[in-house]
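Residue numbering restarts at 1 for every chain, and letters A, B, ... go by the order of the sequence lines.
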Number of protein chains: 2
Amino acid sequence: MKRYEQFAEEIAALIRQGVLAAGERIPSVRQACRHYGISQSTVFQAYYLLENRGLIKARARSGYFVLEHAQCSLKEPDTDPLPGDAVATEVAVSELVFSVLESLQDTSTVPFGSAFPSAELFPLSRLATSMTRALREMTPESVGADMTSGHPDLRRQIALRYRLGGMQLATEELVITNGAMEALSLALQCVTDPGDLVAIEAPTFYASLQLLERLKLRAVEIPQHPSGGIDLDVFEERLASLPIKACWLMSHLQNPLGVSLSDVRKQRLYNLLKRHQVPLLEDDVYAELYFGSVPPRPVKAFDDDGLVMHCSSFSKCLAPGYRVGWVSGGRFAPTIERLKLMTSISPSLPGQAAIADYLQHGGFDRHLRKLRQQLERQQARMLTAAERYFPVETRVKRPDGGYFLWFEFPPQVDSLRLFQQALETGVSLAPGPIFSASGDFRHCARLNYGHLWNARSEEAMKTLGVLLTELMSANRAEARG
Amino acid sequence: MKRYEQFAEEIAALIRQGVLAAGERIPSVRQACRHYGISQSTVFQAYYLLENRGLIKARARSGYFVLEHAQCSLKEPDTDPLPGDAVATEVAVSELVFSVLESLQDTSTVPFGSAFPSAELFPLSRLATSMTRALREMTPESVGADMTSGHPDLRRQIALRYRLGGMQLATEELVITNGAMEALSLALQCVTDPGDLVAIEAPTFYASLQLLERLKLRAVEIPQHPSGGIDLDVFEERLASLPIKACWLMSHLQNPLGVSLSDVRKQRLYNLLKRHQVPLLEDDVYAELYFGSVPPRPVKAFDDDGLVMHCSSFSKCLAPGYRVGWVSGGRFAPTIERLKLMTSISPSLPGQAAIADYLQHGGFDRHLRKLRQQLERQQARMLTAAERYFPVETRVKRPDGGYFLWFEFPPQVDSLRLFQQALETGVSLAPGPIFSASGDFRHCARLNYGHLWNARSEEAMKTLGVLLTELMSANRAEARG
């Protein structure tokens, strides 16, 4: 981390914590130089970064001020742990999930329920240039070999990014897949049989619930808290008492909650897994979407025993629709590779080749910096709107990245009803129960801010606010009646 | 079928049956006009076609002669039906198959064992042009929708090709997949549970055996004969006596045997399936690789009850490595669509878009005509070499398309030993036992002629001939000793 990034982080933290209030003037360049013992140019660079991240704004001849958007008075959620008796749950959420997904087909809907960020945020035309070049270099001889083991340049580029993040990785450990979803699906099949128990977070990404359901696996839901993530005490107890065959989680920007594990907790988690020799599927598709200056380390970075299958993709940070993902499979890599050959043989080669060329020549890091700042600004817009329109009792987790906000509404709110009513007004959302095998989180919802913020988004938040208030008073009336 | 194509077929049949012998002169243009009552230009066009297919050759001022390559004196195979007691077999061939597949990794090997034709046969650079144009037209808005249901132009183009083949098909029935392999994998999972019985052909494509093994399904092997295909009497008996949940077969250019079902037999097969309400996975990846003038109809064409899941792809006729396939799923299409969303979400969009553009503008039919003629010529070269170098007792099925020959060697030949020894001399092949759940076909092998024929190919056939003779005399010596 450069000095200016470090200084920017310090100011950002003061803003987040409310030490510097909305509208308040932040230290002038001269004050900051003196107080922190840094150069003018460092301060300027830091403030420029904070402006881009949507936290401060310069006013002519008056200095820099904290933007109203930068703060949110809504409290963090206080999700209850799950009841302790439901230790292993048959999964049957697919019907509900599909009805939610189908609602997203209508492109006229405000896509707060979507799982993807807007494709407008991605350098599609620059990627097309890379594609043209890559196809010119694709030889007939290479097709067969690349189908078996993945595009060699792409594998090298991915291994290189791990290395930039401080992780040495054998290229042989990498299996290129048709998006992260195929990586996760193969990894799970590689370490489980029907009927087995798999530890997952609650709430968790509905696609993992669907996959468990399809493979006839049973879920052991481990509660997680909005502040620190998965409850490691509960997890330790479950590992000791149940024959858990695999653990599937997101250590960073967990979907839907947005929480990230600290390094200390990642180490403890890994130690538990290693002691019980339980393989980990680490779903890390938001790896590149952090708002701070330092890339977080995955649990994979702590793995000295080949137990972690680290799955990610370019779908959410670069190339939606290209369906290029991978798993760094540890000791399971050869088995995953074979499963892949038996299931789909190979992901599409042109997409792999285009991304390999882009990673080498396209300016990936520059694109990512822009993308992160854009998402951070959009997060602020949604938070401000929530503060303005939603009931004051609403709680919200403010994640350090990604494009989801997890809302916890007052307990009277039934998010499935909210979902239905919102849809009738042309607004989608992802209701809480689709994120749990036990149907919990009925008063919660996940909202996507990964689409360009505009008057319609603002209007949609207002509509949701009205519906929320109505649902609350209707329920109060029902309770009284 | 045009008149000249029909006439060409008649002459081709006479050549195949040996009525017109190698080196013999075929009817002159004038004779043909008189005898068949057709115009000179029709005869010329037919002879031009037969020249391109490698069956005849013009000699200046002497007329047209049957090429030596066009005929083969080796007999058709006479594969024994399987023993009647093994009605349901646990499948465990993967290890053997993988060891064969690994042998193909070495690109210095003569790839007779390969499952793919050479990528040199395909219009890769014309496809790249289509890709460039398609990506220019790809909008961010389309990405999400196209991921769910597949590229709309591609779906239309595929539906159109079915229509050209005389089949009306609702576009909704089409699920675009990551190659035919994913289509087959999803289709199979959609109609079976672990432990179920699945009827397959013997011999069959090893990938279907691997998939059965992975999904813990049991195989009911139905013998097939090189002349007519699957034994429908046995199949009828098995359907009546066993709780068969699905049938997986290739009605056209079956891999590895190369046999195609007649329309009469297709109808009878379909009637049996319909009576027992057993869904059919029809693997039709060689649909476009017929040598004659009329595209064969799949069993799907006889389906009036939505029972047939017709799977195909562009991997073997246009775009290797693009991994674009589909299933026309009949009544199972919605379930397959959902399974796809849960497994890999979507195949890569750029590849889909490029192929859609190519189908519209690239000259697919022209390419296919050239490809078919090329493959037919290469088949003749391999047959001629087999006749020259292999033991006279060798039998071979001469298929009407595709790029495989199925050889039946004298019973003393162990094709696994042949495989090992050939590999040491730099020649690969696909030994018989990988095509059977019961480990049958030990004296058989599949050879790929889908690579440009050259001096190395000729030399490789010679080497195989020497090894075959050695194996035969070694075994005779062992038997005597």
One should read off an interatomic distance between A/Glu182 CD and B/Glu182 CD, to the nearest 0.5 angstrom, of 6.5 Å
Under 4.5 Å to a heavy atom of chain A? For B/Glu337 that would be neither
Turns out that what part of B/Arg136 lies under 4.5 Å from chain A's heavy atoms comes down to neither
Within residues 146-155 of chain B, the residues sitting under 4.5 Å from chain A by heavy atom, in sequence order, are B/Met147, B/Thr148
Under 4.5 Å to a heavy atom of chain A? For B/Ser346 that would be both
Max heavy-atom pairs within cutoff under 4.5 Å with chain B, candidates A/Met138, A/Glu141, A/Glu95, A/Lys216, goes to A/Glu95
So, the part of B/Glu213 with a heavy atom under 4.5 Å from chain A: the answer is neither
Pair count under 4.5 Å, heavy atoms only, with chain A: among B/Val143, B/Leu184, B/Leu101, highest is B/Val143
query = Are the side chain of A/Arg323 and the backbone of B/Ile345 linked by a donor-acceptor contact shorter than 3.5 Å?
reply = no
Whatever's closer than 4.5 Å to a heavy atom in chain A on B/Gln352 counts as neither
In this structure, CE of B/Met342 is separated from CZ of A/Phe98 (nearest 0.5 Å) by 4.0 Å
If one checks every heavy atom of B/Phe116 against chain A at 4.5 Å, the contacting part turns out to be side chain
B/Gly321 and A/Pro350 have their tightest heavy-atom pair at O-CD, 3.6 Å
Highest number of heavy-atom pairs under 4.5 Å with chain B among A/Val324, A/Leu211, A/Leu339, A/Leu186 belongs to A/Leu339
So, the part of B/Ser185 with a heavy atom under 4.5 Å from chain A: the answer is side chain
Residues passing the ring pair (Phe, Tyr, Trp, His ring centres under 6.0 Å) test with A/Tyr206, sequence neighbours excluded, are A/Phe435
**Prompt:** For residues B/Thr132 and A/Thr132, is any side-chain donor paired with an opposing acceptor at under 3.5 Å?
**Reply:** yes
What one should report as the nearest heavy-atom pair of B/Ser344 and A/Asn178 is CB-ND2, 3.6 Å
When every non-hydrogen atom of B/Pro140 is compared with those of A/Ala119, the smallest separation belongs to O-CB, 3.4 Å
For the side chain of B/Arg214 and the backbone of A/Thr343, is there at least one donor-acceptor N/O pair under 3.5 Å apart?
-> no
